[in-house]
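What follows is one structure encoded as structure tokens, with my remarks underneath.
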Amino acid sequence: MSSPDTLRAEIGRAAVTLGAPEDFAAVVERPRDPEFGEWSTNAAMLLARPLKQSPRDVATKLIAAMQLDAVGISAAEIAGPGFINFRIDTGSLTRILPEIIGRGDAYGRSDTGAGAPVVVEFVSANPTGPLHVGHGRQAALGDAISTMLQWTGWAVSREFYYNDGGGQINNLQKSVQLRAQQQAGHDVEFAENGYHGEYIREIAAAYRAQHANDVAIVDTDGIRRFAVAALRAEQDLDLKAFGVVFDCYYLESSLYTDGKVDTTVATLIGSGHTYEKDGALWLRTTDFGDDQDRVMKRSAEKGGEYTYFVPDVAYHVTKWERGFRRAINVQGSDHHSTVTRVRAGLQALGIGIPQGYPEYVLHQMVTVMRAGEEVKISKRAGSYVTVRDLIEEVGRDAVRYFFVMRKGDSQLVFDVDLARSQSEENPIYYIQMAHARLCGIFRVGEIDAASITGAGVDLSVLSEPEERELIKALADFPATLSGATMALEPHRLANWLEKTAALVHTWYHKHHVLNEPPAIMQARLVLAGASRVVLCNALTVLGLSAPERM
RNA sequence: GCGUCUGUAGCUCAGCUGGAUAGAGCGUCGGCCUCCGAAGCCGAAGGGCGCAGGUUCGACUCCUGUCAGGCGCACCA
């Protein structure tokens, strides 16, 4: 078997015999043009200067020093400014196919993470409204990243942090209370900065129906609990519709009740990084790279409460204490100022938490277009596009795919009308269609896919250019997955899926499987079976379904 | 003003740790169904990567400056 790793190692070994340093590392990659073979390296160009020879001379000697057979290379040639291109014969290339089928739904998995625990926090929406498109992007990214980590050997915990305390909740309670009082005929004016959404009226009505004894509608604690519970239930439905399942919901309020906030504050004070000014307690976050110090505890005239980031620091301490030596937070870039703040707080504690803890995956905002105009998302104004709206309009798979197909740090324009009207031309349909077609071969041929293992089949007949390209793409899946996981960039997997689906369609169109001579048919069934497995695995990792027919 | 992300084909976006003539989808134009699904395939036109410098054998990828846009800069969360 010829993997890029073994090839790279062999290049390194040969390079050392020519006088290269022991740690010499060349790049081994797929050349852009299949004419250039299966693998390519820039080793000779990197060595030219230190060895004081021309790249082509180095390349010649390098090839001579390599044991090509040992790493499955059938030919090596020098090209361009000094690239070395390697060719793999069809027999070696196709060896991956039975392996893919043998591993099945485990093909692509690796144990890089070695079972180490990692917590991925995402969505973490305040219970002050239904989930909107921004949360949708976060849910799609966070869930995909979590699954990618699982596939690469990490023990992942998906976590949702509930900000069920603080000013926004008070505002929610106030909004519901005022609506309820209005509905009861009280002469009260709605708060200017309250939440104007229709859902507030619904919750208010439900509260009145279930709490008739609160005639004056003044049980603020009861209203708060009711409103939070109602919105949590709503969000749960949103998440269910999206197919995201969390392992843990961590409540901000619990950090107060179990004393973790107080403990954290005490430790911070003990660390000597705090001071009092203007009646408030401050943390000197500028000691840890922040551009200004932050208030931990408001002055008495401002209410004397802790600011948001204190429980947030306490929360991250629990992640560390719960054994998560790795923590990843997926959040919108509108919160990126909290990154240095939280990390600074953790550093100030001086309890051995590393500087880069937690890691952040920040995504840019989602702009919603409807009827050719941008929909301003505002909880207060009540203009809203919820995750569930989107799912009902274009389907769960399409929503998830759209959110995951783009790099997180570029803004995303979600044109609802376009997504709906073009739903049949969606890239997700294109990809799923490739999978369904492969299934169709077995269905129409009345062949049990499980009977195709590749054992005893001469696969060297899979020598058509379209077949070699497809096989290479299938072989690249594990590396693509691990690379995407390392970078925490699911969109790389989406790009790979589109490319591979295109190769499947091209191959399917140009070469038939059924009704071909037995030797050809058997070999192609192996390729079809292996392709189906890999497409299914990649779709699964991104949280997408792999339909057998559409 | 400071920080941060982005600026690649008419539109929406890829381009992995710098590498060989810059890619895809949509749109436009033109072909392909007695054949495992035409929700598909094949081909054409179309950009030289915001702009200006620099480093390098080699830059869309790195550095500096600059222009434009998003987000952030509270004793809100």
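Here is how names work: the chains are called A, B, and so on, in the same order as the sequence lines, proteins then strands, and each is numbered from 1.
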Using residues 401-408 of chain A as the side-chain source, report each donor-acceptor pair under 3.5 Å to any protein atom, sequence neighbours left out, with the distance given to one decimal.
| residue | atom | partner | partner atom | Å |
| --- | --- | --- | --- | --- |
| A:Tyr401 | OH | A:Ala494 | O | 3.3 |
| A:Tyr401 | OH | A:Glu498 | OE2 | 2.9 |

Whole angstrom is fine here: how far is it from [atom1] in [X] over to [atom2] in [N]?
X	N	atom1	atom2	answer
A:Phe309	B:G72	CZ	C1'	17 Å
A:Tyr430	B:A38	OH	P	13 Å
A:Met365	B:U4	CE	C1'	12 Å
A:Met550	B:A39	CE	C1'	7 Å
A:Asp415	B:G27	CG	C1'	15 Å
A:Gln432	B:G40	CD	C1'	15 Å
A:Arg341	B:G3	CZ	C1'	13 Å
A:Glu305	B:C75	CD	P	15 Å

Practice task
For B:C16, decide between syn and anti, treating a glycosidic angle within 90° of 0 as syn.
Solution key: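 Anti for B:C16; the angle lies over 90° from 0.
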Problem - Chi class for B:G48: syn within 90° of 0, otherwise anti - result: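 Nucleotide B:G48 adopts syn.
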Practice task
Could you tell me whether the side chain of A:Arg56 and the main chain of A:Gly80 form a donor-acceptor pair under 3.5 Å?
Solution key: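 It does hold such a pair.
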Practice task
Examine distances only and state if a side-chain atom of A:His316 and a backbone atom of A:Val313 form a donor-acceptor pair shorter than 3.5 Å.
Solution key: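 No.
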Exercise for the section: Let me know, please, whether A:Leu362 or A:Ala300 comes out on the 5' side of the other along RNA chain B by nearest nucleotide. Expected result: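 This one resolves to A:Leu362.
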Just the atom pairs and distances: protein N or O near nucleotides 14-21 of chain B's N or O, under 3.5 Å.
| residue | atom | partner | partner atom | Å |
| --- | --- | --- | --- | --- |
| B:A14 | OP1 | A:Lys407 | N | 2.9 |
| B:A14 | OP1 | A:Ser410 | OG | 3.1 |
| B:A14 | O2' | A:Asn495 | OD1 | 2.6 |
| B:G15 | OP1 | A:His491 | NE2 | 2.9 |
| B:G15 | OP2 | A:Lys407 | NZ | 3.4 |
| B:C16 | O2' | A:Arg492 | NH1 | 2.9 |
| B:G19 | N7 | A:Asn42 | ND2 | 2.9 |
| B:A20 | OP2 | A:Arg32 | NH1 | 3.4 |
| B:A20 | OP2 | A:Arg32 | NH2 | 3.4 |
| B:A20 | N6 | A:Ser40 | OG | 2.9 |
| B:A20 | N6 | A:Asn85 | OD1 | 2.8 |
| B:A20 | N1 | A:Asn85 | OD1 | 3.3 |
| B:A20 | N1 | A:Asn85 | ND2 | 3.1 |
| B:U21 | O4 | A:Asp33 | OD2 | 3.4 |

Tell which nucleotide pairs with [N], taking only Watson-Crick or G-U wobble pairs whose two distances are both under 3.5 angstrom.
N	value
B:A59	none
B:U21	none
B:U64	B:A52
B:C16	none
B:G47	none
B:C36	none
B:G1	B:C73

I'd like the [atom1] distance from [M] over to [N], given in whole Å.
N	M	atom1	answer
B:G10	B:C51	P	14 Å
B:G1	B:A9	C1'	37 Å
B:A59	B:G18	P	13 Å
B:C62	B:U8	P	16 Å
B:A52	B:U61	P	13 Å
B:C60	B:A22	P	9 Å
B:C63	B:C5	P	10 Å
B:U56	B:G70	C1'	33 Å

Give the nucleotide from the list [options] with an atom nearest to the side chain of [X].
X	options	result
A:Ser299	B:C75, B:G72, B:G70	B:C75
A:Glu252	B:C75, B:A77, B:G70	B:A77
A:Tyr429	B:C71, B:A77, B:A39	B:A39
A:His512	B:G72, B:A77, B:C36	B:C36

Exercise for the section: Name all residues meeting the side chain to side chain contact (heavy atoms under 4.5 Å, CB included) criterion together with A:Pro311; count only those two or more places apart in sequence or in a different chain, and write none if there are none. Expected result: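 Once residues adjacent in sequence are excluded, the partners of A:Pro311 under the side chain to side chain contact (heavy atoms under 4.5 Å, CB included) criterion are A:Tyr161, A:Glu252, A:Leu255, A:Tyr256, A:Val261.
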Handout entry: Partners passing side chain to side chain contact (heavy atoms under 4.5 Å, CB included) against A:Lys510 (at least two apart in sequence or in another chain)
Key =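 For A:Lys510, the residues satisfying side chain to side chain contact (heavy atoms under 4.5 Å, CB included) (neighbours in sequence not counted) are A:Glu466.
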Handout entry: With sequence neighbours excluded, residues passing salt bridge (Lys or Arg N to Asp or Glu O under 4.0 Å) with A:Glu464
Key =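 By the salt bridge (Lys or Arg N to Asp or Glu O under 4.0 Å) rule, A:Glu464 matches no residue at all.
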Heavy atoms under 4.0 Å, any strand shown: does [X] hit a base, just sugar-phosphate, or nothing?
X	result
A:Val444	sugar-phosphate
A:Asp278	base
A:Arg524	nothing
A:His363	nothing

Practice task
Examine the base of B:G3 for any acceptor or donor lying under 3.5 Å from a partner atom in the side chain of A:His336, and report the outcome as yes or no.
Solution key: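 Flag set: donor-acceptor pair detected.
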Handout entry: Side-chain-base donor-acceptor pair under 3.5 Å for A:Ser333 and B:C5
Key =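 Counting by modelled atom types and ignoring angles, no donor-acceptor contact under 3.5 Å is found here.
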Practice task
Tell me whether the guanidinium CZ or amine NZ of A:Arg232 lies under 6.0 angstrom from the six-membered ring centre of A:Tyr162 and within 45° of its axis.
Solution key: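 Relative to the ring axis of A:Tyr162, which defines the angle, A:Arg232 lies inside both limits.
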Problem - Contact list for RNA chain B against residues 501-508 of chain A - heavy-atom distance below 4.0 Å - result: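 Heavy-atom contacts with RNA chain B come from A:His505, A:Thr506, A:Tyr508.
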N/O donor to acceptor pairs below 3.5 angstrom from side-chain atoms of residues 522-529 of chain A, sequence neighbours left out:
| residue | atom | partner | partner atom | Å |
| --- | --- | --- | --- | --- |
| A:Arg524 | NE | A:Glu467 | OE2 | 2.9 |
| A:Arg524 | NH1 | A:His512 | O | 2.8 |

Handout entry: Pairs where residues 26-37 of chain A contributes a residue and the test side chain to side chain donor-acceptor pair (under 3.5 Å) is met, not counting sequence neighbours
Key =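 Those involving residues 26-37 of chain A are A:Arg30-A:Asp476.
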Handout entry: side chain to side chain donor-acceptor pair (under 3.5 Å) partners for A:Gln138, two or more places apart
Key =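 With neighbours one apart ignored, the set is empty.
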Problem - Cationic N near anionic O, under 4.0 Å, A:Arg400 to A:Asp397 - result: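 Between A:Asp397 and A:Arg400 there is no salt bridge, as every charged N stays at least 4.0 Å from the carboxylate O atoms.
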Handout entry: Aromatic contact, A:His505 with A:Tyr430 (centres under 6.0 Å)
Key =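 Distance test on ring centres: under 6.0 Å, yes.
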Exercise for the section: Could you label the plane-to-plane angle of the A:Trp282 and A:Tyr275 rings as parallel, tilted or perpendicular, counting under 30° as parallel and over 60° as perpendicular? Expected result: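 The arrangement is parallel - the two ring planes meet at less than 30°.
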